[in-house]
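Just so it is clear, the model here is predicted, and its values are computed rather than measured. All values below come from the heavy atoms of this structure, side chains included, with hydrogens, waters and symmetry mates left out.
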Amino acid sequence: RNSVVKPVLIQGKDDHVKTIERVRILQEFFENENIDYKIVNSIEGNILSKKVGLTYLFDYATIYTSVLNNIDRTPLNSIHFVKSKLKDIE
């Protein structure tokens with residue numbers, strides 16, 4: 001199917017066996033349905049390294065996409081709302 005939006009599957013070298021199986025099942029589904037998808041591999045290392053690496057990767061991807069589409073990323077009302085609520089429970 002042609003779409004501007006594509007699912008992204010995230011996988012890593014040391015993923016849990018159930019995570020590996022879920023990714024395989026999703027790949028099979030996307031291929032059966034002719035859905036174009038992308039796979040992003042996390043860096044090697046501990047879980048913190050992987051999370052930080054993926055956070056930076058996807059943050060840069062959103063910045064790049066917003067520049068390409070001439071979108072102002074500064075209004076972040078939803079993020080400010082969530083942060084203000086999280087601050088109340090800490």
Side-chain angles (χ1 to χ4, degrees):
R1 295 179 188 161
N2 290 331
S3 175
V4 196
V5 179
K6 293 182 175 40
V8 177
L9 301 176
I10 303 168
Q11 63 184 16
K13 179 182 173 197
D14 301 320
D15 282 349
H16 189 275
V17 66
K18 286 189 176 188
T19 303
I20 294 168
E21 185 61 18
R22 286 183 182 111
V23 169
R24 188 197 63 73
I25 290 167
L26 287 169
Q27 285 179 292
E28 181 181 340
F29 172 77
F30 293 149
E31 288 166 9
N32 288 343
E33 296 295 321
N34 294 317
I35 297 172
D36 192 20
Y37 64 94
K38 301 293 179 198
I39 296 178
V40 173
N41 292 299
S42 65
I43 62 171
E44 292 187 31
N46 64 35
I47 190 70
L48 182 59
S49 299
K50 291 177 182 183
K51 286 188 175 197
V52 169
L54 288 169
T55 299
Y56 278 116
L57 174 66
F58 288 119
D59 196 35
Y60 285 130
T62 60
I63 292 168
Y64 179 76
T65 302
S66 66
V67 169
L68 284 179
N69 293 306
N70 200 27
I71 296 172
D72 182 6
R73 291 188 62 230
T74 52
L76 302 171
N77 296 334
S78 57
I79 292 175
H80 294 305
F81 173 81
V82 171
K83 283 184 176 182
S84 71
K85 294 296 182 179
L86 289 175
K87 185 175 68 172
D88 293 340
I89 62 171
E90 291 179 357

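- For the atom pair E33 CD and E28 CD, the distance stands at 11.0 Å (nearest 0.5 Å).
- At a threshold of 4.5 Å between side-chain heavy atoms, the hydrophobic network of Ile, Leu, Val, Met, Phe, Trp and Tyr places V8 and L54 in one connected group.
- Side-chain atoms of L26 and Y37, non-hydrogen and from C-beta on, never get closer than 4.5 Å to each other.
- Judged as a side-chain hydrogen bond (donor to acceptor under 3.5 Å, both in side chains), and not counting sequence neighbours, T65 has no contacts.
- Without hydrogens or angle criteria, D15 side chain to G12 main chain gives a donor-acceptor distance under 3.5 Å.
- The cluster map of Ile, Leu, Val, Met, Phe, Trp and Tyr, joined by side-chain heavy atoms under 4.5 Å apart, puts V40 and F30 in different clusters.
- In this structure, the side-chain hydrogen bond (donor to acceptor under 3.5 Å, both in side chains) partners of N41, at least two apart in sequence or on a different chain, are Q11.
- Between the NZ atom in K13 and the CD atom in E44 there is a gap of 4.0 Å [rounded to 0.5 Å].
- Note that the CD1 atom of I47 and the CG atom of D14 stand 9.5 Å from one another [nearest 0.5 Å].
- Summarising the geometry, atom CG belonging to D36 is positioned 10.5 Å from atom CD belonging to E31; distances are rounded to the nearest 0.5 Å.
- For NZ of K6, the number of neighbouring non-hydrogen atoms (other residues, nucleotides, ligands) closer than 6.0 Å is greater than 12.
- One distance of note links CG of L57 with OG1 of T62; it measures 10.0 Å at 0.5 Å rounding.
- Here the options are Y64, F58, Y56, the test is side chain to side chain contact (heavy atoms under 4.5 Å, CB included), and the partner is Y60; only Y56 passes.
- Annotation: side chain of I89 is in contact with side chain of L86 (closest heavy-atom distance under 4.5 Å).
- Note that CD1 of I43 and NZ of K50 are 8.5 Å apart. Values are rounded to the nearest 0.5 Å.
- Judged as a salt bridge (charged side-chain N to carboxylate O under 4.0 Å, His left out), and not counting sequence neighbours, the contacts of E21 are R24.
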